[in-house]
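Data block below; observations after.
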Amino acid sequence: MFNMNEKRKCEKCKLLIDSDLDTCPYCGYPQEKIEVNKEEIKSEEIKEEKIKSKSVFSFPSRVVILDNYKNLTLFLLGFLGMQILSVIIVFLMQALNLYVTSFSTVGSAMINFSVYFTMFGIMLLVLNEDCAKLFKDFLNKRTYLYGFSYGFMLIVLSSLVTNIMYLLFQTTDSNANQQSIVSITDSYPILSIIVFGLIGPICEEFCYRVGLFSAINKRCNLPVSYIITMLVFAFIHFDYTALFSGDGGRIATEFINLPSYLVAGLTLTYVYHKEGFGPSTIAHITNNLVSIIISIILY
């Protein structure tokens, strides 16, 4: 049996004709009938459905499609641009006030706030008309429902992993990244909420999900895309100066706190892949805001 809507090429003139015709209406060449075994097709469809049902990636992807150069630019801006921008800002601050650039909370706060505000503006300029494509999710209440839900799930998972590591290694020391944020938040709570709680997560989602994951996913399979994004996200929060400090305690602390960042990187990438930019960003913001508010209350 043939489907009247199906087409195939004439074996002689190569023009498209109905698949149920015995001869080509254009050249008159006789066509060989192809019998379709419906049972085999049904069997194959069942097999495909079974394979999909077993896969954690069987859901429709909501990855935002951008031009390749934008994916790469967003990633490089977040991964390298922030470091370069920090050096430039430190240099400018030294020219104005040497005290501020010392290893003080004031200097650290000024550098972090300046870098994030500047980077946020640059990333928006890079996205340009694609901003509407990314931010349209925020007009949907589903974004907030799923975003907050995944955000609190991330908090639970990260806390669980962190506590397990602390129990295993008999320590409660946070890494340099977290210590710096806590110190700045204690001195500048409102600005910290804005920068570390809102702007920071958006910039990191631009960089690691919209930039890195989307770019890799165009060229590699999903497991590879997840693993690379998770590792890069985790190790960007690693203090590499500890490796050259000769302080075994500092080095151990960085590695002990690393698994929680791996969990965060994996979870946020999954949310972005499955739910889109809006929910992953809200989840990231939720995780950071809760951490900052707890820091303000306790410290």
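All values below come from the heavy atoms of this structure, side chains included, with hydrogens, waters and symmetry mates left out. The shown structure was predicted, so the numbers you read here are calculated from the model rather than taken from an experiment.
Tracing side-chain contacts under 4.5 Å through hydrophobic residues (I, L, V, M, F, W, Y), one reaches L168 starting from L160; they form part of the same cluster. Residues I190 and V106 share a hydrophobic cluster, clusters being chains of Ile/Leu/Val/Met/Phe/Trp/Tyr side chains in contact below 4.5 Å. In the hydrophobic cluster analysis, where Ile, Leu, Val, Met, Phe, Trp and Tyr join through side-chain heavy atoms closer than 4.5 angstrom, L125 is grouped apart from V64. F152 and I293 are assigned to two separate hydrophobic clusters, defined by single-linkage of ILVMFWY side chains at heavy-atom distances under 4.5 Å.
With sequence neighbours left out, D173 forms a salt bridge (charged side-chain N to carboxylate O under 4.0 Å, His left out) with no residue at all. With sequence neighbours excluded, no residue forms a ring pair (Phe, Tyr, Trp, His ring centres under 6.0 Å) with Y272. K136 meets the side-chain contact (heavy atoms from CB on, under 4.5 Å) test with no other residue; sequence neighbours excluded. Annotation: side-chain contact (heavy atoms from CB on, under 4.5 Å) contacts of Y240 (sequence neighbours excluded): F235, F238, L243. Applying the ring pair (Phe, Tyr, Trp, His ring centres under 6.0 Å) rule to F79 yields the partners F75; only residues at least two apart in sequence or on another chain are considered. Looking at residues two or more places apart in sequence or on another chain, you find a side-chain contact (heavy atoms from CB on, under 4.5 Å) between P259 and V161, M165.
Annotation: the span from L289 atom CG to S192 atom OG amounts to 11.0 Å, rounded to 0.5 Å. Distance CG/L72 to CG/L77: 9.5 Å, rounded to 0.5 Å. In this structure, L167 CG and T172 OG1 are separated by 10.5 Å, a value rounded to the nearest 0.5 Å. A distance of 10.5 Å separates OG1 of T286 from NE2 of H284, quoted to the nearest 0.5 Å. For the atom pair CD1 of I296 and OG of S291, the computed distance is 10.0 Å after rounding to the nearest 0.5 Å. Here the CG atom belonging to L66 is positioned 10.5 Å from the OG1 atom belonging to T73, to the nearest 0.5 angstrom.
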The test is side-chain contact (heavy atoms from CB on, under 4.5 Å); show your working for L157 and M153 and say whether it passes.
CA-CA 6 Å; L157 289 175; M153 183 186 77; 4.2 Å; yes
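Contact of the H273 side chain with the L222 side chain is registered, since non-hydrogen atoms from C-beta on lie closer than 4.5 Å. Residues L139 and D137 fail the side-chain proximity criterion, which asks for heavy atoms closer than 4.5 Å. Between R219 and N68 there is a side-chain heavy-atom pair separated by less than 4.5 Å. Side-chain contact between I251 and F255 is present, with heavy atoms from C-beta onward closer than 4.5 Å. Between S260 and T162 there is a side-chain heavy-atom pair separated by less than 4.5 Å. When side chains are defined from C-beta on, Y261 counts as touching N175, because their heavy atoms get closer than 4.5 Å. Annotation: side chain of C203 is in contact with side chain of M82 (closest heavy-atom distance under 4.5 Å). The shortest distance between side-chain heavy atoms of L74 and L127 falls below 4.5 Å.
For the pair K133 and D130, the salt-bridge criterion is met [side-chain N within less than 4.0 Å of a carboxylate O].
Among pairs with a residue in residues 143-160, none fulfils salt bridge (charged side-chain N to carboxylate O under 4.0 Å, His left out), at least two apart in sequence or across chains. A salt bridge (charged side-chain N to carboxylate O under 4.0 Å, His left out) check over residues 264-276, counting only residues at least two apart or in different chains, returns the pairs R142-E275. Applying the side chain to side chain donor-acceptor pair (under 3.5 Å) test to pairs two or more places apart or on separate chains, those with a residue in residues 247-258 are Y166-N257, D239-R250, T241-R250. For residues 192-215, the salt bridge (charged side-chain N to carboxylate O under 4.0 Å, His left out) pairs, not counting sequence neighbours, are E205-R209.
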Cut-off 3.5 Å, no hydrogens considered: what does the side-chain donor-acceptor table look like for residues 179-188, sequence neighbours left out?
from	atom 1	to	atom 2	distance (Å)
Q179	NE2	S174	O	2.7
S183	OG	T105	OG1	3.1
T185	OG1	I181	O	2.7

Name every donor-acceptor pair, under 3.5 Å, that has one atom in a side chain of residues 110-124 and the other anywhere in the protein, sequence neighbours excluded.
from	atom 1	to	atom 2	distance (Å)
N112	ND2	S108	O	2.8
N112	ND2	S108	OG	3.4
S114	OG	M110	O	2.7
T118	OG1	S114	O	2.7

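Between I285 and P201, the shortest heavy-atom distance links the atoms CG1-CB, 3.7 Å. For G278 against F138, the heavy-atom pair with the smallest separation is CA-CZ, 3.9 Å. For A242 against S245, the heavy-atom pair with the smallest separation is O-OG, 2.7 Å. Closest non-hydrogen pair, L134 versus F277, comes out as O-CD2, 3.4 Å. In plain terms, the two heavy atoms of I292 and G197 that are nearest each other are CD1-N, 3.5 Å. For the pair C207 and G78, the tightest heavy-atom approach, listed with the atom from each and the gap, is SG-CA, 3.5 Å.
The side-chain contact (heavy atoms from CB on, under 4.5 Å) with P279 is formed by just one residue from the set V271, L268, L145, N140; it is V271. Screening I216, L212, I227 for a side-chain contact (heavy atoms from CB on, under 4.5 Å) with V232, the sole residue that qualifies is L212. Tested against F213, the residues Y226, F206, Y208 include a single ring pair (Phe, Tyr, Trp, His ring centres under 6.0 Å) partner, Y226.
Checking side-chain atoms of N221 against main-chain N and O of V224 turns up a donor-acceptor pair under 3.5 Å. Between the side chain of S159 and the backbone N or O of V156 there is no donor-acceptor pair closer than 3.5 Å. Without hydrogens or angle criteria, N177 side chain to H237 main chain gives no donor-acceptor distance under 3.5 Å.
A side-chain donor-acceptor contact under 3.5 Å links K218 and N71.
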